Amino acid sequence: MAGQGSGGNVIAAICNVFFPGLGQLVQGRLLAALIFAIICVGGYALWWLVVPAILAAIVQLWSIIDAAKYRSSD
């Protein structure tokens, strides 16, 4: 991927809208993808408790922003 705001980062951010962590997976960051996916899916699965669902929504928004602002180290 190129730098921040590149086309690849935009695609990764859009992927995160549909499934949390998918954008990080597209960028090749497996650990970040797993963490975002587990937290969001777990939080959305506990939607009746309200607080976990709100936290999951915040983490999903964070994953979108993280994918959009990612800069590779190479």
Side-chain angles (χ1 to χ4, degrees):
M1 297 280 157
Q4 176 179 350
S6 71
N9 285 357
V10 172
I11 291 170
I14 292 171
C15 288
N16 275 333
V17 170
F18 297 107
F19 189 83
L22 185 60
Q24 281 76 12
L25 193 61
V26 167
Q27 291 172 333
R29 301 185 299 151
L30 183 60
L31 184 61
L34 285 173
I35 291 170
F36 282 125
I38 289 169
I39 291 173
C40 288
V41 170
Y44 289 141
L46 299 173
W47 63 269
W48 68 89
L49 296 175
V50 180
V51 173
I54 292 171
L55 291 176
I58 291 169
V59 170
Q60 184 171 5
L61 183 59
W62 179 19
S63 74
I64 294 168
I65 294 169
D66 177 64
K69 290 188 164 193
Y70 176 69
R71 289 186 185 199
S72 63
S73 59
D74 32 275

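Note that this is a predicted model, so its numbers are computed, not measured.
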Participant: Please report the shortest heavy-atom distance between Ser63 and Asn16, naming the atom on each side.
Facilitator: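 The answer is O-ND2, 2.9 Å.
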
Participant: Under 4.5 Å side-chain heavy-atom separation, chaining through any Ile, Leu, Val, Met, Phe, Trp or Tyr, what else clusters with Ile64? Say none if it is isolated.
Facilitator: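 Besides Ile64, the hydrophobic cluster comprises Val17, listed by chain and residue number.
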
Participant: Where do Ala56 and Gly43 come nearest, in terms of heavy atoms and distance?
Facilitator: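 Smallest interatomic distance, heavy atoms only, reads CB-CA, 3.7 Å.
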
Participant: Any salt bridge (Lys or Arg N to Asp or Glu O under 4.0 Å) pairs touching residues 47-59, not counting sequence neighbours?
Facilitator: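 Residue pairs with at least one partner in residues 47-59: there are none.
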
Participant: Is there a continuous path of hydrophobic side-chain contacts, each under 4.5 Å between heavy atoms, that joins Val41 to Leu25?
Facilitator: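 Same cluster.
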
Participant: Which heavy atom of Lys69 sits nearest to which heavy atom of Asn9, and what is that distance?
Facilitator: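 Shortest heavy-atom separation between Lys69 and Asn9 comes out as C-ND2, 4.4 Å.
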
Participant: Hey, what else clusters with Val50 if you join Ile, Leu, Val, Met, Phe, Trp, Tyr whenever side-chain heavy atoms sit under 4.5 Å?
Facilitator: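 Ile54, Ile58, listed by chain and number.
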
Participant: Which donor-acceptor pairs under 3.5 Å do side chains of residues 28-39 form with protein atoms, sequence neighbours excluded?
Facilitator:
unit_1, atom_1, unit_2, atom_2, d
Arg29, NE, Gln27, OE1, 3.3
Arg29, NH1, Asp66, OD2, 3.4
Arg29, NH2, Gln27, OE1, 3.0
Arg29, NH2, Asp66, OD2, 2.7

Participant: The criterion is side chain to side chain contact (heavy atoms under 4.5 Å, CB included); which residues satisfy it with Leu61, sequence neighbours excluded?
Facilitator: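 Ile65.
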
Participant: With a cutoff of under 4.5 Å between side-chain heavy atoms, which Ile, Leu, Val, Met, Phe, Trp and Tyr residues group with Trp47?
Facilitator: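 Hydrophobic cluster check, Trp47: joined to Leu46, Trp48, Leu49.
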
